[in-house]
2 protein chains.
Amino acid sequence: MAAARGKPASTPAVRPGRIVAKGEGAALSADAIVDAALELTEREGAGALTVRRLGSELGVDATAFYRHFRDKDELVLAVSDRIIAMTLDVVVESDDWRETLRSITSAAYVINLRYPAVTSITFARITGGRAERAIVEKILATISRAGLSPAETALYYRAIVDAMLSLSGQAAAVANLEPAVRAKDESAWTQIYGLLSQSDYPITGAHAKELAALSEQDVFETIIEAVIEAIAARAAATSPQPAARKSRAKQSSRREEELN
Amino acid sequence: MAAARGKPASTPAVRPGRIVAKGEGAALSADAIVDAALELTEREGAGALTVRRLGSELGVDATAFYRHFRDKDELVLAVSDRIIAMTLDVVVESDDWRETLRSITSAAYVINLRYPAVTSITFARITGGRAERAIVEKILATISRAGLSPAETALYYRAIVDAMLSLSGQAAAVANLEPAVRAKDESAWTQIYGLLSQSDYPITGAHAKELAALSEQDVFETIIEAVIEAIAARAAATSPQPAARKSRAKQSSRREEELN
DNA sequence: ACCTGAACACCGTTCAAGT
DNA sequence: ACCTGAACACCGTTCAAGT
C-alpha cells in the first residue's frame, strides 16, 4: 500500500526516474531486503511477508527480489540468522553454566516472539549461517562445562535447543493466528474447559482456574529448568569427584566455579 | 488425480448422474470429508491438503465443502480431534503414573507424525472436541496421582502437553519439507557442522559425530523424561509422607500404588 | 437441501524484454 | 548488471444459479 509504483502522491519531493521510491535511497541488496523483511513483518504481522509486499515496500517490482535470493526460502533463512544474531547480542555469560543456559534460552524465546512470522517458518530449520554457527558453539561449550560425556553433551544440547526452538515455534504460531481465532483459543480454559460437566470431567474442573492463570513463558521456563536439572543430575551421577555430589541445593555461583 | 470429474475412465461400473464418483457411494458429510482428508494427507503429503484436491478426491465440486464446514480451519480442527482419538485408542494405562505419561506422550508423538500436514497446522491450537476433552482429563488425572498442589499440577500439565505438542509440531514441520530441502537440513551435522574449522568451532567439531548420530525421538524422550523427573522431584519435596522420599530408585510398580 | 461453476483477490515463480 | 511486467499455475472463499 505505502509506496506502490504509479501513485507516489503521498511521498513529497519524489525524484524522477526508475528507482524512485526506494527507501532512504539505498541500493537494492540482499541485506536491504532482509532489513525490510524484518521491519515489515514486525510492523504488519505474518500476512505481510510476501514477495509482492516486500517489493512494494522497497519501491521495486516484486520480481526484482529474485536477483538477490534464489527463492523465498533462502530469504527466510537469512532473516532467521539475523534473529539469532540479535539473540547472541543480549546473552549474558555467567560463571554458572545453568545461568548461561537460562540467559540464552530466554533471550531466544523473547526475540523469536518479536518476529513470529519468521519463527513459525524457521523453528524446524537449519540456517547454516554465521550466527547459527556461533550460537551452536556457545550452547555446546556451555553444556560441556557440566562435565558430561560427549554423547550425553550432544543429547542434552539437542534437548535444550529443540525445547527452546519448538516452544518458540508454538508460541509464534499462536501469535500468528488471526485475532478472533487467537482470542477463541486463548479463552478455552475459561470458556470451554471451565464450563464442562463436573461429573464427566472432574479433574479438569478442579484445575480449570489454575490452568487459566498460567502464562506461556512460565511453561517455557519450567520445561527448560527441567532439562537443566536433568543435565545437573546426570553430571552429579557421573562426576569424577564424588565431593561434588551434594551440589543439589542452591549455592552461591562462586562455589559453582569449581565444577566448571 | 484419482477420481477427477469428467474422466472416470479407470473406475468401472460408474453410475450415471451428477453424484457419480463419490468414493464408496457414501453421501457427502462432515465425517466423510474428515475421513478423506486424513487418508489424502497421509497418502500424498502436506501439499495435497487443499479444498480443491479434497473435492476431486470425493468426486464433488471443491466448493461443496462449504456446505459442511465454515472454513478450512474448522475442518483441520475436526481432523485434529480425530487424531487425538486415535492416540487415546493406543494409550496403555499403568499403575505407575510415570509409565502412563510415557505411553500418552509417545503415542501422541508417533501418531502425530503419521499426519504431519495436519499436525504442523494444529500443534498450537485447541480443538475443544470430544477427544481433546478426554485426553485433557486423562493427563490431568495422571499427573494428579503424583500428589502435587493444584497449581503445580496445572503447571506441569502444561509443561508435559506443550513439550509433547511443540516437539510433535517441530518434527511434523521437518516431515513436511520438500525432500531436497529436508535432505539438506538433515545432513547439516555432517555436511556443514562437521566440516567447520576446528580452530574457530572447537567444541562443535568435538561433538559433530555424536550430534549426527542422535534421533529426533531420542531427543523427544529425553525432554519428556526430564519433565517427568521434575514432577517426581517436586512431589518428593512436598510429600506429606516423608517415608515416600526415597522412591527415587526404581521399584516394582506394585509399590507405587500406595502413592496414587 | 445440497451442489455447481464462474469469479475474486490473492500466492510464488519464470522468462523474455527492456535500460 | 539489474529491473520490469506479463504470464502461469496455483490458493481459499463468495455468491448467484441450478436441481
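Everything numeric in this text was worked out from a predicted model, so none of it was measured. In what follows, every chain begins at residue 1, and chains take the letters A, B, ... in the order their sequences are listed.
Between the C1' atom of D:dC10 and the CG atom of B:Leu49 lies a distance of 15 Å, rounded to the nearest Å. Taking atom CD of residue B:Glu178 and atom C1' of nucleotide C:dG12, one finds them 11 Å apart after rounding to whole Å. What separates CD1 of B:Ile33 from P of C:dC3 is a distance of 8 Å, to the nearest Å. Summarising the geometry, the separation between CZ on B:Arg52 and P on D:dA9 is reported as 14 Å, rounded to the nearest angstrom. Atom CZ of B:Arg53 is separated from atom P of D:dG12 by 12 Å (rounded to the nearest Å). Rounded to an integer number of Å, the gap from B:Asp61 CG to D:dG12 C1' is 13 Å.
Of the candidates C:dA7, D:dT4, C:dT4, C:dT4 carries the atom nearest the B:Val60 side chain, counting heavy atoms from C-beta on.
Taking the charged nitrogens against the carboxylate oxygens, A:Arg133 and B:Asp200 have no contact shorter than 4.0 Å, which rules out a salt bridge. We find that B:Arg158 and A:Asp218 are not joined by a salt bridge, their nearest charged nitrogen and carboxylate oxygen being 4.0 Å or further apart.
A heavy-atom distance below 4.0 Å to DNA chain C is reached by these residues of residues 62-74 of chain B, ordered by number: B:Thr63, B:Ala64, B:Arg67, B:His68.
A donor-acceptor pair under 3.5 Å is formed between the side chain of B:Glu132 and the backbone N or O of B:Thr127.
Ring geometry for A:Trp189 versus B:Tyr157: interplanar angle over 60°, hence perpendicular rather than tilted (30 to 60°).
The local environment of CD in A:Glu44 is crowded, with over 12 non-hydrogen atoms from other residues, nucleotides or ligands closer than 6.0 Å. In A:Glu178, the CD atom is not crowded: 12 or fewer heavy atoms of neighbouring residues, nucleotides or ligands sit closer than 6.0 Å.
Searching all strands for a Watson-Crick or G-U wobble partner of C:dC10 with both distances below 3.5 Å returns nothing. Figure legend. C:dA16 is base-paired to D:dT4; pairs are counted as Watson-Crick or G-U wobble with both atom distances under 3.5 Å.
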